[in-house]
Amino acid sequence: MSSDTLAKAPAAPGIPEHADSLRIVPRRRLGQWTAAVAVLALLGLAVNSVLRNDAFQWDVVADYFTTDAVLRGLWLTLWLTAVVMVLGFVLGALLAAARLSANPVLRSVSWGYVWLFRSIPILVQLLLWFNIGALYPQILGVKTVDLLGPVTVAVIGLTLHEAAYAAEVVRGGILSVDRGQVEAAEALGLSRWRRWWRIVLPQAMRSIVPPAGNMLIGTLKGTSIVSVIAVQDLLYSVQLVYHRTYQVIPLLMVATVWYTVVTSVLGIGQHYVEKHYARGSERTR
């Protein structure tokens with residue numbers, strides 16, 4: 001068949017002969033653009049209100065933002081977050097392994113731990129540990145008051161609380177790995193350690209990293225609760241200042257901005273860690 005014949009071939013039924021000359025017009029999205037403009041307008045009004053409101057005293061915020069007291073509190077907050085996350089996930093991994101074991105006693109104890117520490121609010125746990133001397137005046141012949149200071153109580157309370165959630169995160173990540181992967185590794189003769197390290201863990205991390213990152217950010221913000229037991233974290237440090245100067249709002253804004261900066265940095269780090277473990281899967285963005 002020649003090209004002239006093809007050019008003169010009739011159009012398919014239902015399609016006009018001049019369809020090639022029709023211009024494609026994108027669908028109008030009036031509702032979406034209207035909503036976007038409204039949201040941007042409200043956001044602009046909110047930002048303008050915050051920046052132009054003299055009650056925030058941004059000059060005072062700038063003066064106290066990098067003072068020694070605030071930076072010491074920030075350092076303690078970061079240190080406490082790191083220690084609690086490491087210890088919490090170590091204990092949580094052990095609890096997850098016990099929950100997945102064939103031993104019914106270990107499974108029951110692990111389940112009971114998770115149930116108990118997820119049931120009690122973290123503030124109640126901290127206050128109980130802070131007043132543990134009322135139940136046990138001495139531990140190993142040492143006065144409890146001398147053995148458990150505020151920072152130690154904060155580490156113990158937050159770690160035990162964190163471990164209960166970390167256990168479920170790790171357990172969920174391990175269960176997300178297809179059983180066939182483990183069976184294939186067994187068929188290849190890989191040792192139990194190599195199966196876990198080279199097969200199970202890399203795949204489980206895809207499911208573990210997102211909630212673990214959220215837990216890290218939540219722990220950072222959650223450390224502010226230790227101010228109730230006089231641990232001089234970031235929040236307690238600014239409280240000491242505004243109790244003296246009565247500049248409550250600007251000092252709270254100092255803490256707010258620091259928390260925002262640190263959580264933003266952690267969020268960026270979480271994004272790249274997730275991207276690293278998502279290599280080879282559909283989740284690459």
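Everything numeric here is computed off the predicted structure, so don't read it as measured data.
- Considering all non-hydrogen atoms of both residues, Val231 and Pro150 come closest at CG2-O, 3.4 Å.
- Contact between Ala96 and Ala167 at its shortest, heavy atoms only, is CB-O, 3.5 Å.
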Please test Val254 against Tyr242 for side-chain contact (heavy atoms from CB on, under 4.5 Å), starting from the C-alpha separation and ending with a verdict.
CA-CA 11 Å; Val254 169; Tyr242 72 60; over 6 Å; no
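- One hydrophobic cluster holds both Ile217 and Leu78 under the rule that ILVMFWY side chains link at heavy-atom gaps under 4.5 Å.
- Following chains of ILVMFWY side-chain contacts shorter than 4.5 Å, one cannot reach Ile229 starting from Tyr236, and the two form parts of different hydrophobic clusters.
- Val83 and Ile122 fall within a single hydrophobic cluster, where Ile, Leu, Val, Met, Phe, Trp and Tyr side chains are chained together by heavy-atom contacts under 4.5 Å.
- For Asp54, the CG atom is loosely surrounded, since the number of other residues' heavy atoms within 6.0 Å does not exceed 12.
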As a quick check of understanding, evaluate side-chain contact (heavy atoms from CB on, under 4.5 Å) for Leu160 and Leu91, giving each step before the final call.
CA-CA 8 Å; Leu160 295 178; Leu91 180 56; 4.1 Å; yes
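- Side-chain atoms of Glu162 do not come within 3.5 Å of backbone N or O of Thr219 as any donor-acceptor pair.
- The backbone N or O of Ala204 lies less than 3.5 Å from no partner atom in the side chain of Ser176, so there is not a single donor-acceptor pair.
- Taking 4.5 Å as the limit, every side-chain heavy atom of Trp129 sits out of range of all side-chain heavy atoms of Leu126.
- Trp258 places a side-chain N or O within donor-acceptor distance of the main-chain N or O of Phe65, the cut-off being under 3.5 Å.
- Salt-bridge formation is not detected for the pair Arg206/Glu274: no Lys NZ or Arg NE/NH1/NH2 atom is positioned less than 4.0 Å from an Asp or Glu carboxylate oxygen.
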Show the numbers, then the answer: is there a side-chain contact (heavy atoms from CB on, under 4.5 Å) between Trp79 and Val155?
CA-CA 10 Å; Trp79 176 86; Val155 171; 4.2 Å; yes
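- The side-chain heavy atoms of Arg118 and His161, taken from C-beta on, include no pair separated by under 4.5 Å.
- With rounding to the nearest 0.5 angstrom, the OG1 atom of Thr159 is 12.0 Å from the CZ atom of Phe89.
- Residue Ser101 holds its OG atom at 6.5 Å from CZ of Arg107, rounded to the nearest 0.5 Å.
- Judged by distance alone, with hydrogens and angles left aside, the side-chain atoms of Thr223 form a donor-acceptor pair with the main-chain N or O of Leu220 at under 3.5 Å.
- Taking 4.5 Å as the limit, every side-chain heavy atom of Trp75 sits out of range of all side-chain heavy atoms of Leu234.
- Annotation: the span from Leu235 atom CG to Leu74 atom CG amounts to 12.5 Å, rounded to 0.5 Å.
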Under the side-chain contact (heavy atoms from CB on, under 4.5 Å) rule, what do Ser237 and Arg72 come out as? Steps first, then yes or no, please.
CA-CA 8 Å; Ser237 297; Arg72 284 195 300 269; 5.7 Å; no
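- Within a 6.0 Å radius of CH2 in Trp58, other residues, nucleotides and ligands contribute more than 12 heavy atoms.
- What you find for Ala255 and Val238 is that their closest heavy atoms are CB-CG2, 4.1 Å.
- Here the side chains of Leu80 and Asp233 are not in contact, with every heavy-atom distance at 4.5 Å or above.
- Minimum heavy-atom separation, Pro250 to Val61: O-CG2, 3.4 Å.
- A 4.5 Å side-chain heavy-atom check between Thr245 and Tyr64 finds at least one atom pair inside the cut-off.
- Taking the six-membered ring wherever Trp is involved, the centroid distance between the rings of Tyr113 and Phe117 falls below 6.0 Å.
- Taking the side chain as every heavy atom from C-beta outward, Ile249 and Gln57 never approach each other to under 4.5 Å.
- With hydrogens and angles ignored, the 3.5 Å screen pairs a side-chain donor or acceptor of Ser224 with a backbone N or O of Lys221.
- Side-chain N or O atoms of His276 include none that pairs as donor or acceptor with a backbone N or O of Tyr272 at under 3.5 Å.
- With Arg171 contributing its side chain and Leu100 its backbone, the two residues share no donor-acceptor pair below 3.5 Å.
- Hydrophobic clustering (side-chain heavy atoms under 4.5 Å, transitive across Ile, Leu, Val, Met, Phe, Trp, Tyr) groups Leu216 together with Val261.
- Between Trp115 and Trp111, the ring-plane angle classifies as parallel under the 30° and 60° cut-offs.
- A donor-acceptor pair under 3.5 Å links the side-chain atoms of Thr256 to the main chain of Leu252, judged by distance alone.
- Going from atom CD1 of Ile156 over to atom CG of Leu128 covers 13.0 Å, rounded to the nearest 0.5 Å.
- The shortest non-hydrogen separation linking Leu95 to Ala163 is CD1-O, 4.1 Å.
- The hydrophobic cluster containing Val86 does not contain Val273, counting ILVMFWY residues as joined when their side-chain heavy atoms lie under 4.5 angstrom apart, directly or transitively.
- Glu168 approaches Val114 most closely through the heavy-atom pair CG-CG1, 3.9 Å.
- Going from atom CG of Asn48 over to atom CG of Leu43 covers 11.0 Å, rounded to the nearest 0.5 Å.
- Taking OG1 of Thr77 as the start and CG of Leu71 as the end, the distance is 11.5 Å to the nearest 0.5 Å.
- Without hydrogens or angle criteria, Gln125 side chain to Leu158 main chain gives no donor-acceptor distance under 3.5 Å.
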